[in-house]
Amino acid sequence: MRDEYLKGVLSSEKKNRDASEIAARDEFNKRHPPIKGLVVPHDLRKMDLPERPWRNNRGQWFDLGDYEVLNAHLAELKPGSQSVRHRHTTEAYLYIVKGSGYSLMNYDDDPVEVVEWSEGTLFAPPRWAWHQHFNLDESDTARYLAIQDTGLLRTMRLHNIERHSVQLTKEQGFELLRAAIDNGTVHGGHHGRADSVAEPVTDPDIS
């Protein structure tokens with residue numbers, strides 16, 4: 001991806017600046033430049049990753065093959081923790097490199113959908129849908145590789161990443177996971193880890 005992309009119009013609008021993560025992402029990539037070349041010279045399951053404090057996880061971006069459309073990053077969820085609830089204008093394929101957990105996603109007031117995942121799972125949050133990732137393993141990290149069309153959206157100046165005003169706790173996320181399993185509406189997974197998580201709270205605020 002080119003280094004001289006302008007910030008997207010959407011993220012630069014005054015009304016969007018407080019919720020947008022674009023500035024935090026760009027500052028992170030200045031301090032921890034994306035890995036370039038034709039191949040990542042590390043094992044994605046084990047390579048060291050710097051902290052991404054605004055997302056409550058660790059991560060590293062990759063800009064391979066001098067591509068101008070596709071961009072990728074590796075993200076790590078800490079043991080028993082969750083990412084920040086957010087959405088983005090890019091499309092994204094998420095491949096689980098390590099660990100097991102689940103993701104919650106929805107459009108505004110639509111019902112929350114649940115995707116269970118483990119190593120080898122590939123899934124995709126719909127474009128501009130809210131989503132949040134939860135690591136079910138209390139003793140180990142989980143990692144996913146996200147491949148996105150970031151360069152295209154930056155060329156069009158339509159790139160934005162927005163943080164949700166309501167962040168779901170581990171207990172609230174678990175209640176939604178449990179309900180989806182009970183209702184037979186969970187996507188993917190074999191429901192092998194849900195029973196080992198602490199009991200959920202009631203009536204989570206997910207607006």
Listed partners of E119 passing side-chain contact (heavy atoms from CB on, under 4.5 Å), at least two apart = none

With D43 via side-chain contact (heavy atoms from CB on, under 4.5 Å) - residues at least two apart = R45, K46

Is there a side-chain contact between [X] and [Y], using heavy atoms and a 4.5 Å cut-off?
X	Y	answer
M47	I35	yes
T150	H159	yes
R55	I161	yes
P79	T141	yes
N57	E76	no
V112	Q132	no
I147	Y95	no
E51	H32	no

Distance (rounded to the nearest 0.5 Å) between D66 CG and L38 CG | 8.0 Å

Give a yes or no on whether the backbone of L44 and the side-chain of R143 come within a donor-acceptor separation of less than 3.5 Å.
-> yes

Cluster check [X], [Y]: I/L/V/M/F/W/Y, side chain < 4.5 angstrom:
X	Y	answer
V40	L49	yes
W130	L153	no
L64	Y93	yes
I181	L176	yes

Exactly one of H131, E162, E21 clears side-chain hydrogen bond (donor to acceptor under 3.5 Å, both in side chains) with H88, and that residue is H131

Write out all pairs satisfying salt bridge (Lys or Arg N to Asp or Glu O under 4.0 Å) with one or both partners inside residues 88-104, taking only residues at least two apart or from two chains.
-> E91-R127, K98-D140

Kindly give the cluster partners of W61, where membership spreads through any ILVMFWY side chain lying under 4.5 Å from a current member.
-> F28, W54

Linking Ile, Leu, Val, Met, Phe, Trp and Tyr through side-chain heavy atoms less than 4.5 Å apart, which residues share a cluster with Y144?
-> L77, L94, I96, M105, V115, W117, F123

Taken in chain and number order and not counting sequence neighbours, the residues that satisfy salt bridge (charged side-chain N to carboxylate O under 4.0 Å, His left out) with D110 are none

Are the charged groups of E138 and K170 less than 4.0 angstrom apart, N to O?
-> yes

Is the shortest distance from a Lys or Arg side-chain nitrogen in R154 or E68 to a carboxylate oxygen in the other one below 4.0 Å?
-> no

Is the gap between the ring centers of H86 and H164 under 6.0 Å?
-> no

Taking atom types as modelled and ignoring hydrogens, do the side chains of H133 and S103 form a donor-acceptor contact shorter than 3.5 angstrom?
-> yes

